[in-house]
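Report on the following structure.
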Amino acid sequence: MRFGFFTRLLDDAPPQERYRLAAEQIGHAEKHGFDTAWVAQHHFDGEEGGLPAPLVFLAHVAARTSRIRLGTGIITLPLEHPLRVAEDTAVLDLLTGGRLEVGVGGGGTPSAFPAFGHDSAERAALYAEHLRRLRQAWAGEDLGGGNRLYPPAPRLLDAVWEATFSVAGGARAGRAGHGLMLSRTQPRPADDPQATLADLQLPIVAAYHESLPPGVAPRVMASRTAFVADSRAEALRHAELGLGRRRLPFELPDDSLHSRIAAFDVHLGTPQDVIESLRADPTLEHATDLVFQVHSVDPPHPLVLRSIELLATEVAPALGRLPSAEPSSRK
């Protein structure tokens with residue numbers, strides 16, 4: 001299992017400082033042996049996510065790192081021109097030395113669609129068409145008028161990951177031979193508000209495996225919120241601050257911290273607390289990639305760095321994975 005770090009760039013700071021802190025966090029993850037680093041894309045709402053241009057940011061991070069793989073989690077594909085994504089990812093993959101992973105999805109805040117000239121009701125059709133066109137470009141096919149992608153990027157056909165909340169989406173990713181991206185949390189159905197995250201995600205994983213073409217190795221990424229601290233009291237203190245600021249997508253039986261931790265599917269506490277919590281998640285038995293983020297706790301930057309250290313040195317080995325012994329030497 002590969003281990004990764006994920007950020008939505010939500011540090012309590014102005015944009016420029018958010019980008020500096022996120023780059024430092026990714027560098028820290030590389031230093032401590034993490035295999036991958038992922039960034040989310042969000043438009044217009046700095047409270048939801050701090051980065052509208054993930055490929056630009058990853059180009060900056062690529063120049064500061066040398067080993068860690070860099071991924072988008074996700075590019076909101078319905079809002080992008082697929083040929084521009086193809087060109088930018090082709091160039092970025094060369095700049096990274098072949099370290100790019102391309103996560104895509106049809107999500108995005110509905111209110112963002114009109115600004116891009118689209119109706120959010122059309123997102124599924126836009127996503128399918130843009131993904132088809134993106135793959136066509138990477139495959140070197142004629143894009144019209146004899147034009148083909150330059151620089152060529154056939155490797156990226158095997159670096160695609162699809163994010164989904166649905167069984168149908170899992171089957172779609174499987175049929176295409178893409179990787180499957182599972183969220184750190186997802187909305188509970190109205191008829192089963194007490195469903196666990198595993199109740200929702202295991203059927204997605206099953207559909208993915210059933211749909212994979214013969215001979216294609218599965219790639220299943222499970223993103224999880226994990227905040228590891230030196231004491232449980234410290235973790236709970238910051239969770240109370242961070243989770244208390246977040247809008248809930250559904251009603252809770254009560255507004256206690258425990259209920260919020262459960263609602264946001266948060267793993268927190270000492271390394272042993274987090275190890276036990278993650279071991280209780282049956283979805284992770286099917287994951288090839290386990291990716292950690294601190295959202296929605298969003299503690300201060302020094303504690304993010306400390307959490308990365310504890311994940312690498314104590315949590316990862318307990319889950320059967322030893323971090324890389326070859327940290328980056330590039331500054």
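Neither side chain, Glu24 nor Tyr19, offers a donor N or O lying under 3.5 Å from an acceptor on the other. One side chain, Arg99 or Thr65, offers a donor N or O that lies under 3.5 Å from an acceptor on the other. Judged purely by distance below 3.5 Å, without hydrogens or angles, the side chains of Gln272 and Glu314 never pair a donor atom with an acceptor atom. Side-chain contact annotation: Arg20 with His60, donor-acceptor N/O pair under 3.5 Å absent.
Residues Gly170 and Leu180 come closest through the heavy atom pair CA-CD1, 4.0 Å. The heavy-atom pair separating Thr270 from Val228 by the smallest distance is C-CG1, 3.9 Å. Residues Ala226 and Val274 share a closest heavy-atom pair of CB-CG1, 4.4 Å. Looking at every heavy atom in both residues, Pro271 comes nearest to Leu310 through CG-CD2, 4.1 Å.
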Contacts table for residues 110-119: side-chain donor-acceptor under 3.5 angstrom, sequence neighbours left out:
| residue | atom | partner | partner atom | Å |
| --- | --- | --- | --- | --- |
| Asp119 | OD1 | Ala121 | N | 2.9 |

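Looking at Leu197 and Thr283, their side chains never come closer than 4.5 Å, going by heavy atoms from C-beta outward. You'll find the side chain of Leu51 stays beyond 4.5 Å of the side chain of Gln41, heavy atoms only. At a threshold of 4.5 Å between non-hydrogen side-chain atoms, the residues Phe292 and Phe3 count as touching. Annotation: side chain of Leu236 is in contact with side chain of Leu257 (closest heavy-atom distance under 4.5 Å). Side chains of Ile204 and Leu182 form a contact here, defined as non-hydrogen atoms less than 4.5 Å apart. The shortest distance between side-chain heavy atoms of Glu80 and Ile75 falls below 4.5 Å. The shortest side-chain heavy-atom distance between Leu156 and Glu101 does not fall under the 4.5 Å cut-off. Inter-residue side-chain proximity for Met221 and Thr288 is flagged as unmet; no heavy-atom pair is nearer than 4.5 Å.
Remark: Ser223 pairs with Arg184, Gln293 by the side chain to side chain contact (heavy atoms under 4.5 Å, CB included) rule, at least two apart or across chains. Glu309 pairs by the side chain to side chain contact (heavy atoms under 4.5 Å, CB included) definition with His28, His32, Arg306, not counting sequence neighbours. Partners of Trp161 according to the ring pair (Phe, Tyr, Trp, His ring centres under 6.0 Å) rule, which considers only residues two or more places apart in sequence or in another chain, are Trp38. With sequence neighbours excluded, the residues satisfying side chain to side chain contact (heavy atoms under 4.5 Å, CB included) with His130 are Leu77, Pro82, Leu126. Applying the ring pair (Phe, Tyr, Trp, His ring centres under 6.0 Å) criterion to Phe165, with sequence neighbours excluded, gives no partner residue. His42 is linked by a ring pair (Phe, Tyr, Trp, His ring centres under 6.0 Å) to nothing, counting only residues two or more places apart in sequence or in another chain.
Using a 4.0 Å cut-off between a side-chain N of Lys or Arg and a carboxylate O of Asp or Glu, Arg133 and Glu129 do not qualify as a salt bridge. Remark: Arg148 does not engage Glu141 in a salt bridge, criterion side-chain N to carboxylate O under 4.0 Å. Using a 4.0 Å cut-off between charged nitrogen and carboxylate oxygen, Arg188 and Asp192 do not count as a salt-bridge pair. Remark: Arg8 engages Glu48 in a salt bridge, criterion side-chain N to carboxylate O under 4.0 Å. Using a 4.0 Å cut-off between charged side-chain N and carboxylate O, Asp289 and Arg69 make no salt bridge.
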Working for side-chain contact (heavy atoms from CB on, under 4.5 Å), residues His267 and Ile261: CA-CA 8 Å; His267 304 268; Ile261 289 170; over 6 Å; no

Val104 and Val102: CA distance, side-chain angles, deciding distance, side-chain contact (heavy atoms from CB on, under 4.5 Å) verdict: CA-CA 6 Å; Val104 296; Val102 185; 3.9 Å; yes

From CA spacing to verdict: side-chain hydrogen bond (donor to acceptor under 3.5 Å, both in side chains), Tyr127, Glu162: CA-CA 11 Å; Tyr127 175 74; Glu162 292 194 64; 2.6 Å; yes

Thr109/Asp45 under side-chain contact (heavy atoms from CB on, under 4.5 Å): CA gap, chis, key distance, verdict: CA-CA 9 Å; Thr109 306; Asp45 186 354; 5.7 Å; no

CA sep, side-chain torsions, deciding dist, call: Gln201, Gln186, side-chain contact (heavy atoms from CB on, under 4.5 Å): CA-CA 9 Å; Gln201 293 188 339; Gln186 64 185 78; 3.3 Å; yes

Stepwise salt bridge (Lys or Arg N to Asp or Glu O under 4.0 Å) test for Arg18 and Asp11: CA-CA 6 Å; Arg18 282 183 169 185; Asp11 293 275; over 6 Å; no

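Contacts classified as salt bridge (Lys or Arg N to Asp or Glu O under 4.0 Å) and involving residues 279-288 (residues at least two apart or in different chains) are given here: Arg224-Asp281. For the ring pair (Phe, Tyr, Trp, His ring centres under 6.0 Å) condition, no pair includes a residue of residues 198-246, sequence neighbours left out.
With side-chain heavy atoms closer than 4.5 Å counting as contact, directly or through intermediates, Leu21 stands alone and belongs to no larger hydrophobic cluster. In the hydrophobic clustering, Leu241 connects to no other residue, as no ILVMFWY side-chain heavy atoms lie under 4.5 Å from its own. Leu200 belongs to no hydrophobic cluster with other residues, because no ILVMFWY side-chain heavy atom falls under 4.5 Å from its own, directly or through intermediates.
In this structure, Thr185 OG1 and His295 NE2 are separated by 10.0 Å, a value rounded to the nearest 0.5 Å. Taking CG from Leu58 and CG from Leu70, the interatomic distance works out to 5.5 Å, rounded to the nearest 0.5 Å.
By the 6.0 Å contact criterion, CG on Asp199 is enclosed, its count of non-hydrogen atoms from other residues, nucleotides or ligands being greater than 12.
Classification of the Phe34-Phe5 ring pair by plane angle, with boundaries at 30° and 60°, yields perpendicular.
The hydrophobic clustering, which links ILVMFWY residues whose side-chain heavy atoms are closer than 4.5 Å, places Val294 and Phe57 together.
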